[in-house]
Amino acid sequence: MKINILTLFPDMFQGLIDNSIVKRAISKGVVTINIINIRDFTLDKYNRVDSAPIGGGAGLIMKCQPVVDALKSIKEKSHKILLSPRGETYSQKKAISLSKLDNITFICGHYEGTDERINDYVDELISIGDYILTGGEIGSMAIADSIIRLLDGAINSDSLIEESFTTNLLEYPQYTEPYDFDNKLVPDILYSGNHEAIEKYRKKEALRLTKQYRPDLFSNYELSKQDKKLLSELENNITEPKWYKDALEKGKKFIKNKN
């Protein structure tokens, strides 16, 4: 995949390009990121890319000419996205959809916005949420990161299977050693060696967390028969049902060695 980013502040993207998963994906040839400085395309003799809004108003508006010419400098076919509050609110579903494209271009607005006519040169508007940022740079970084990690070869595919938002459930709690940290213990079931019981426990925790923290997601989740049984245990405060106790009993030798 190739990602083009049109911005007035190219230096902001060094952190994205030079670190973590994105850096590894670039080095492996999974993705190419092309940062385009909109200011390089202005024809204004003072090198300006903005102007006061016609009709009056506060702030400055980004001009058409530099943005459109920057877009035209991209010779290959590209899906053009303008970060805008009018756009569809970004989601994991959208990330998956965009990750299937070969070439994407993000246009980062700044100041008080962009000339209305720029909208005629893009394929899509996207918003990352109902709040105000100084520009589209942070939004484009967030979207780019979420797309890149889905590309084949960017990360281990097993890591993507049970992540939050992929199934309308939040991810279950995760733990590392030591078993006892500040008198906070790792659940014994995770040491039982019983993978079926561990999977059931994790599903139950995912259901609990989603219902508690994200009822909007939970309401869109289709419950299986097992899910309904696990929810019943939660609602009736059954903390150690038979399957849980059986797993602990059979896994005694593993649990005993947890320290």
Side-chain angles (χ1 to χ4, degrees), residues 20-22 24-25 30 88-100 128-130 142-259:
S20 191
I21 291 169
V22 176
R24 292 198 297 270
V30 173
E88 171 190 351
T89 302
Y90 195 62
S91 65
Q92 185 66 15
K93 181 179 179 182
K94 189 65 180 176
I96 294 169
S97 173
L98 292 176
S99 72
K100 297 175 182 177
I128 62 165
D130 297 336
I143 296 173
D145 182 272
S146 69
I147 292 170
I148 292 168
R149 65 192 312 281
L150 294 173
L151 301 177
D152 288 343
I155 61 175
N156 190 320
S157 58
D158 291 342
S159 299
L160 302 173
I161 295 173
E162 293 182 338
E163 291 185 319
S164 296
F165 307 119
T166 55
T167 61
N168 276 331
L169 288 181
L170 297 179
E171 190 175 5
Y172 50 80
Q174 299 272 31
Y175 299 88
T176 61
E177 299 296 345
Y179 168 71
D180 184 343
F181 176 77
D182 203 18
N183 292 322
K184 302 178 190 302
L185 309 181
V186 176
D188 284 345
I189 190 72
L190 299 179
Y191 289 96
S192 69
N194 188 320
H195 298 296
E196 183 178 348
I198 291 172
E199 184 179 345
K200 191 179 290 188
Y201 164 79
R202 285 174 166 171
K203 185 62 172 292
K204 186 176 180 178
E205 285 296 290
L207 290 165
R208 178 182 66 79
L209 292 172
T210 307
K211 188 175 183 181
Q212 178 179 351
Y213 292 104
R214 291 296 303 272
D216 56 322
L217 291 177
F218 188 80
S219 64
N220 292 320
Y221 178 73
E222 187 174 345
L223 296 169
S224 67
K225 288 183 179 180
Q226 184 188 74
D227 293 337
K228 291 175 181 178
K229 290 179 181 178
L230 295 174
L231 276 175
S232 177
E233 292 172 5
L234 288 169
E235 290 165 358
N236 291 288
N237 200 29
I238 302 174
T239 57
E240 293 192 1
K242 186 177 185 302
W243 61 265
Y244 188 95
K245 290 179 179 178
D246 288 347
L248 293 183
E249 182 64 27
K250 292 178 181 177
K252 275 183 178 179
K253 64 178 180 179
F254 298 105
I255 296 170
K256 185 178 180 181
N257 295 325
K258 60 179 174 286
N259 290 315

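Here the structure is a predicted model, which means the values were calculated and not measured. One-based numbering along the sequence shown.
Residue Glu235 qualifies as enclosed at atom CD: its count of foreign heavy atoms under 6.0 Å is above 12. The environment of OH in Tyr175 is crowded: more than 12 heavy-atom neighbours from other residues, nucleotides or ligands sit within 6.0 Å. For Asp216, the CG atom sits in a packed shell: over 12 heavy atoms of surrounding residues, nucleotides or ligands are nearer than 6.0 Å. Other residues, nucleotides and ligands contribute over 12 non-hydrogen atoms within 6.0 Å of the CG atom of Asn220.
Between the CG atom of Leu230 and the CG atom of Leu207 there is a distance of 6.5 Å, given to the nearest 0.5 Å. Note that NZ of Lys229 and CG of Asp227 are 11.0 Å apart. Values are rounded to the nearest 0.5 Å. Distance CD/Gln92 to CG/Leu217: 11.5 Å, rounded to 0.5 Å. For the atom pair Ile128 CD1 and Thr89 OG1, the distance stands at 10.0 Å (nearest 0.5 Å).
In plain terms, the two heavy atoms of Arg149 and Ser146 that are nearest each other are CG-O, 3.4 Å. Across all non-hydrogen atoms, the minimal contact from Ala206 to Leu170 is CB-O, 3.3 Å. When all heavy atoms of Ser192 and Ala247 are compared, the closest pair comes out as CB-O, 3.7 Å. Shortest non-hydrogen contact noted between Ile147 and Ala95 is CG1-O, 4.2 Å. Here the closest non-hydrogen pair linking Lys245 and Glu240 is CE-O, 3.1 Å.
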Steps toward side chain to side chain contact (heavy atoms under 4.5 Å, CB included) verdict (Trp243, Glu233): CA-CA 11 Å; Trp243 61 265; Glu233 292 172 5; 3.1 Å; yes
Steps toward side chain to side chain contact (heavy atoms under 4.5 Å, CB included) verdict (Leu190, Arg202): CA-CA 9 Å; Leu190 299 179; Arg202 285 174 166 171; 4.1 Å; yes
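The side-chain contact (heavy atoms from CB on, under 4.5 Å) with Tyr244 is formed by just one residue from the set Ile189, Asn194, Ile238; it is Ile189.
Applying the salt bridge (charged side-chain N to carboxylate O under 4.0 Å, His left out) test to Asp188 and every residue at least two apart in sequence or in another chain returns Lys258. Remark: Lys200 engages no residue in a salt bridge (charged side-chain N to carboxylate O under 4.0 Å, His left out) (not counting sequence neighbours). Residues forming a side-chain contact (heavy atoms from CB on, under 4.5 Å) with Glu177 (at least two apart in sequence, or on another chain): Tyr179, Tyr191.
A salt bridge links Glu205 to Arg208: one of the charged nitrogens lies within less than 4.0 Å of a carboxylate oxygen. Under the 4.0 Å criterion applied to side-chain N and carboxylate O atoms, Asp246 and Lys250 are not assigned as salt-bridge partners.
Between Pro173 and Leu209, the closest side-chain pair of non-hydrogen atoms falls below 4.5 Å. The shortest side-chain heavy-atom distance between Tyr172 and Gln174 falls under the 4.5 Å cut-off. Leu169 has its side chain within reach of Lys203: a pair of non-hydrogen atoms, C-beta onward, lies under 4.5 Å apart. With contacts defined as side-chain heavy-atom distances shorter than 4.5 Å, the pair Thr210/Tyr221 does not qualify. In this structure, Val30 and Ile148 have side chains that are not in contact, with every pair of non-hydrogen atoms separated by 4.5 Å or more.
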